[in-house]
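Input: a single structure, listed below in structure tokens.
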Protein chains: 2
Amino acid sequence: MSPRPQRTPSQLIVPEVMNAALQLLSESGPEGFTVRAIARKANVAPMAIYNHFDGKNGLLDAIWTEGFTILQRELAPIGGDPEDELLRSGIAYRKFALEHKSHYTVMFMNRFVGFTPSIAAAYVATRAFQELVKHIERCQSVGMFPDIASDNLAQMLWAACHGYISLEILDINFARDRDETFLQFLSGVQRGFDALRVEPR
Amino acid sequence: MSPRPQRTPSQLIVPEVMNAALQLLSESGPEGFTVRAIARKANVAPMAIYNHFDGKNGLLDAIWTEGFTILQRELAPIGGDPEDELLRSGIAYRKFALEHKSHYTVMFMNRFVGFTPSIAAAYVATRAFQELVKHIERCQSVGMFPDIASDNLAQMLWAACHGYISLEILDINFARDRDETFLQFLSGVQRGFDALRVEPR
DNA sequence: CAAAGTATAGAACAATGTTCTATACTTTGT
DNA sequence: ACAAAGTATAGAACATTGTTCTATACTTTG
């Protein structure tokens, strides 16, 4: 019955704790996310989380950083048509959120009272945000979105997407076809900010 | 030095606890929101929060309900031009959020692990949401937003506004003129969903 | 194979939400 | 005015939380 007769090798502790934490998060949400529960699930002593992650907030910081690293990779432009790629980045953002709900919860849902990301973690987040700015600047180079600062617009588009997706994560979305509705949302918002080009008044 | 030599009269307990809770929330956020701290600030025994509010979650439920009651009143259409009023309802929504940050935090920021609104509280929230649906249906009656379900669009517009404002509440908004930028945001989003009417393709 | 390193169990601490008790005060009905 | 009912209070108490500390036993390293 004893799950691990010997103690966990050092190298396994970090990945096993990360796995356990993410799994626990997706099973029971922030409520179940306790140091003792994570340690139990990882077959590890609670102390391990302090020795390897600097406590609960350190573990959250690690999840945050991992999440933004993945997100940045998913968002990076690949050199095609700017307008298409901007739309695809929106779809990729939502895909990331739904496929990495645990990460997204730590990164964007603000459910962990007492947690604020470290300077290093905030930097990684900024780099991910810059990918979105790049998309917009590529669009502007072909005439879209005139007369608006790219970082300003990036913030607006991100805010809109985040608002939509956070409700989806919380299960407060009652659309029939969620994928379709999100596409409609995305192109609606995008069209709104580009309308100035089509018919300036 | 004794702040209240006698015990608090029954009728004062509910309002004083509510005041203390909201004040504490705006001073120290969800971290400082503890039963003992609220009771201390209200000059009241901790037990009062259980006798009058059914505990911490009951108190949150009361704040939620009060917030949505106010919000509904602020959002209700008053019978003018539908398009103008829709825009004004967006401005009113943001005004409510910024002027009632404590309420908004409880209602929309999901910062309280272990709190889910009661059935009654959820009902009050639904009624507030319906005001937005009304706005959209008024717009549709004059030709705006064709071919889209009003509740669906209401959800999208609300999601977008909430996304924007939640970032503002968390102080992750770096626009120069915040009021102006929000207006730009609002009209951009609105224009996007109405574009079908102007030039269908 | 000895020395350094480290994972572990377990106790311990303060703070939290919550419940319970007895006491002292208010309100209410007559 | 006064007795009876109601209730606000202080304080102890409990389980759970994040966190720290200790001694022990195991691994890794030179």
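Remember, it's a predicted structure, so these values are computed and weren't measured experimentally. Order of the sequence lines sets the chain letters (A, B, ...), proteins ahead of strands, with each chain counted from 1.
Here C/dT16 presents its P atom at 11 Å from CG of B/Leu24, a figure rounded to the nearest Å. When rounded to the nearest whole Å, the span between CD of B/Glu31 and P of D/dG18 equals 14 Å. The CG atom of A/Asn51 sits 12 Å away from the C1' atom of D/dT19 (whole-angstrom rounding). Look at OH on B/Tyr50: it is 13 Å from C1' on D/dC14, rounded to the nearest Å. We find that CZ of B/Arg7 is positioned 13 Å from C1' of D/dA10, with the value rounded to whole Å. Here D/dC26 presents its P atom at 17 Å from CG of A/Asn43, a figure rounded to the nearest Å. In this structure, CD1 of A/Ile49 is placed 18 Å from P of C/dT6, rounded to the nearest angstrom. Nucleotide C/dT6 holds its P atom 15 Å from the CG atom of A/Leu12, rounded to whole Å.
Considering only side-chain N and O atoms, A/Ser10 lies nowhere under 4.0 angstrom from the phosphate OP1 or OP2 of D/dT28. Listed pair A/His52 / C/dA7 meets the phosphate criterion, a side-chain N or O lying under 4.0 Å from OP1 or OP2.
Remark: A/Glu85 engages A/Arg138 in a salt bridge, criterion side-chain N to carboxylate O under 4.0 Å. Using a 4.0 Å cut-off between charged nitrogen and carboxylate oxygen, B/Arg178 and B/Asp171 count as a salt-bridge pair. By the 4.0 Å N-to-carboxylate-O rule, A/Glu131 lies close enough to A/Lys134 to be salt-bridged with it.
At least one side-chain heavy atom of A/Glu66 sits less than 4.5 Å from a side-chain heavy atom of A/Leu22. For the pair B/Leu167/A/Trp158, a side-chain contact is recorded, criterion being any heavy-atom separation below 4.5 Å from C-beta on.
Pairing for D/dA15 goes to C/dT16, judged as Watson-Crick or G-U wobble with the two contacts each under 3.5 Å. Pairing for D/dT24 goes to C/dA7, judged as Watson-Crick or G-U wobble with the two contacts each under 3.5 Å. Across all strands shown, D/dT29 forms a Watson-Crick or G-U wobble pair, both distances under 3.5 Å, with C/dA2.
Checking B/Gly55 against A/Ile13, the closest nucleotide of DNA chain C that is more toward the 5' end is the one next to A/Ile13. Nucleotides of DNA chain D nearest to B/Arg36 and A/Thr34 differ in position, and the one nearer the 5' end is that of B/Arg36. If A/Asn57 and A/Gln11 are placed on DNA chain D by their nearest nucleotide, the residue sitting closer to the 5' end is A/Asn57.
Nearest nucleotide to the B/Lys56 side chain, out of D/dG18, C/dT18, C/dA9: C/dT18. Counting only heavy atoms from C-beta on, B/Val35 has its side chain closest to C/dT18 among D/dT28, D/dA10, C/dT18. The listed nucleotides are C/dC20, D/dA8, C/dT8; the one nearest the side chain of A/Met47 is C/dT8.
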